[in-house]
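Note sheet for the following structure.
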Amino acid sequence: MGRLRMTFLLYRAAVRGEMQYRLNFVMLLALGLVYQGSGIAFVWTVLRTFDTIAGWNFGELAFLYSLRLMAHAVWVVPFHQLVSMDTTIREGRFDRYLVRPLNPFLQIITSRFRMNVIGDVMAAVILFTIAVNLVDIDFSPLSVAYLVLAVVGGALAEGAAAVVVSSLSFRSVQTWAAGQLVDNIYLMFGSYPTRVFGGALTWGLTWVLPVAVVAYIPSSVLLDKTDSLHLSAPAAVAAPLIGVLWFGAAYQWWQVRMRGYQSVGA
């Protein structure tokens with residue numbers, strides 16, 4: 001309980017620090033909204049020419065896209081600072097975290113709050129609200145519970161990739177390109193039915209880098225489209241648990257890599 005309270009206090013301090021710059025806050029908010037909204041605008045433009053993509057109409061694709069964005073928003077709010085891990089190490093700031101009586105991982109993720117992620121959250125909520133009105137989903141208590149599990153599992157799956165990339169900074173120091181590559185894979189491949197990319201890539205996007213478990217597989221379950229999936233219906237229902245396992249493994253790997261860290265000045 002004490003650790004949760006400490007986390008909350010650190011995040012609050014980070015937010016208050018960023019809120020000192022009001023114009024910057026507004027601009028970053030707009031940036032997040034425009035950047036995330038442009039993706040669904042592209043889908044709408046494509047479907048003006050083609051009625052469906054891999055058997056998914058605009059409403060279903062909007063739901064898939066908004067679910068991925070919801071999962072993205074849930075991970076990016078607490079863990080976005082991991083994308084600057086290499087900068088933290090190059091500037092020697094990570095050494096400070098090692099001498100403080102607090103988990104270094106917790107110190108990193110609460111060191112700053114980037115206000116553009118609020119735009120991501122707003123875009124996710126707006127698009128999801130619109131998308132659920134375009135599809136026929138029976139939001140029973142069981143479906144709602146699965147939806148929550150899917151968002152959390154998807155957030156952990158995407159967040160785990162960021163944790164793994166940030167851990168590379170302990171040896172490689174410069175990992176910006178790797179982070180951008182992984183982020184764009186989740187953005188570009190995670191917003192569409194992965195079956196359009198072929199069997200081999202679909203398998204890789206499920207079991208190697210779990211992109212499909214973020215939104216495609218959970219959306220298929222909620223939209224009752226599991227017949228077209230590359231795995232059984234029970235496995236599809238359990239897919240969000242992959243994110244939980246993936247994140248747990250990624251965090252343990254991060255701790256292992258940290259133990260081999262040497263200061264950039266060493």
Side-chain angles (χ1 to χ4, degrees), residues 1-19 25 28-29 31-33 35-36 66-89 93-94 96-97 100 102-125 127-128 147-170 175-176 178-180 182-183 186-187 190 210-211 213-215 218 240-255 257-258:
M1 195 66 180
R3 181 167 294 184
L4 287 174
R5 184 173 182 275
M6 177 63 71
T7 302
F8 170 75
L9 292 174
L10 289 170
Y11 273 126
R12 186 175 70 174
V15 171
R16 291 179 65 181
E18 292 295 319
M19 285 296 291
F25 166 70
L28 288 175
L29 185 67
L31 173 64
L33 282 168
Y35 180 76
Q36 298 299 346
S66 65
L67 186 59
R68 188 206 68 83
L69 193 52
M70 287 282 284
H72 175 78
V74 169
W75 95 258
V76 81
V77 169
F79 299 121
H80 189 269
Q81 199 55 23
L82 289 173
V83 301
S84 302
M85 181 71 180
D86 54 351
T87 302
T88 299
I89 289 179
R93 287 183 280 126
F94 186 74
R96 305 176 197 170
Y97 303 146
R100 294 173 181 169
L102 192 62
N103 188 329
F105 186 84
L106 180 60
Q107 293 183 69
I108 289 169
I109 64 175
T110 57
S111 60
R112 183 182 176 187
F113 190 86
R114 297 179 181 271
M115 302 307 291
N116 61 299
V117 303
I118 301 299
D120 291 356
V121 173
M122 291 180 63
V125 172
L127 288 175
F128 185 79
L147 175 63
V148 172
L149 179 62
V151 170
V152 173
L156 291 175
E158 189 171 351
V163 172
V164 170
V165 171
S166 71
S167 74
L168 302 178
S169 302
F170 291 123
T175 58
W176 180 85
Q180 289 297 303
V182 171
D183 187 60
Y186 273 93
L187 173 64
V211 174
V213 304
V214 175
L241 296 178
I242 295 176
V244 178
L245 297 174
W246 179 238
F247 188 87
Y251 178 73
Q252 292 301 319
W253 174 248
W254 195 92
Q255 295 288 344
R257 297 283 295 185
M258 183 183 68

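Both backbone and side-chain heavy atoms feed into the values below; hydrogens, waters and symmetry mates do not. Residue numbers run from 1 in the order of the sequence given.
- Residues Val164 and Ala250 come closest through the heavy atom pair CG2-CB, 3.7 Å.
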Show your reasoning for whether side chain to side chain contact (heavy atoms under 4.5 Å, CB included) applies to Thr87 and Arg93. CA-CA 9 Å; Thr87 302; Arg93 287 183 280 126; 3.9 Å; yes
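- Residues satisfying the side chain to side chain donor-acceptor pair (under 3.5 Å) criterion with Trp246, sequence neighbours excluded, are absent altogether.
- Here CG of Leu106 is found 11.5 Å from CZ of Arg100. Values are rounded to the nearest 0.5 Å.
- Ile242 is linked by a side chain to side chain contact (heavy atoms under 4.5 Å, CB included) to Trp207, Pro210, Val213, counting only residues two or more places apart in sequence or in another chain.
- Here Phe247 pairs with Phe79 under the ring pair (Phe, Tyr, Trp, His ring centres under 6.0 Å) rule; sequence neighbours left out.
- Taking each heavy atom of Ala157 and Val214 in turn, the nearest pair found is CB-CG2, 4.1 Å.
- Between Pro240 and Leu149, the closest heavy-atom pair is CB-O, 3.7 Å.
- In this structure Tyr251 satisfies the side chain to side chain donor-acceptor pair (under 3.5 Å) test together with Asn103, Gln255, sequence neighbours excluded.
- Counting heavy atoms from C-beta on, the side chains of Asp183 and His72 come closer than 4.5 Å.
- For the pair Met258/Tyr97, no side-chain contact is recorded, criterion being any heavy-atom separation below 4.5 Å from C-beta on.
- Partners of Arg96 by salt bridge (Lys or Arg N to Asp or Glu O under 4.0 Å), not counting sequence neighbours: none found.
- Taking all atoms of both residues into account, the shortest heavy-atom contact from Gln81 to Ile108 is CG-O, 3.1 Å.
- Counting only heavy atoms from C-beta outward, the side chains of Arg68 and Leu187 approach each other to under 4.5 Å.
- Of all heavy-atom pairs between Trp254 and Ser166, the closest is NE1-OG, 3.2 Å.
- In terms of the side chain to side chain donor-acceptor pair (under 3.5 Å) criterion, Thr88 has no residue partners (sequence neighbours excluded).
- Counting heavy atoms from C-beta outward, Val163 and Phe105 have side chains that approach closer than 4.5 Å.
- Of all the heavy atoms in Ala155 and Ala71, the pair that sits closest is CB-O, 3.2 Å.
- Taking the side chain as every heavy atom from C-beta outward, Leu147 and Phe128 approach each other to under 4.5 Å.
- Side-chain contact check for Phe170 versus Ile89: some heavy-atom pair is nearer than 4.5 Å.
- Val182 is not listed as a side-chain neighbour of Glu158, based on a closest heavy-atom distance of 4.5 Å or more.
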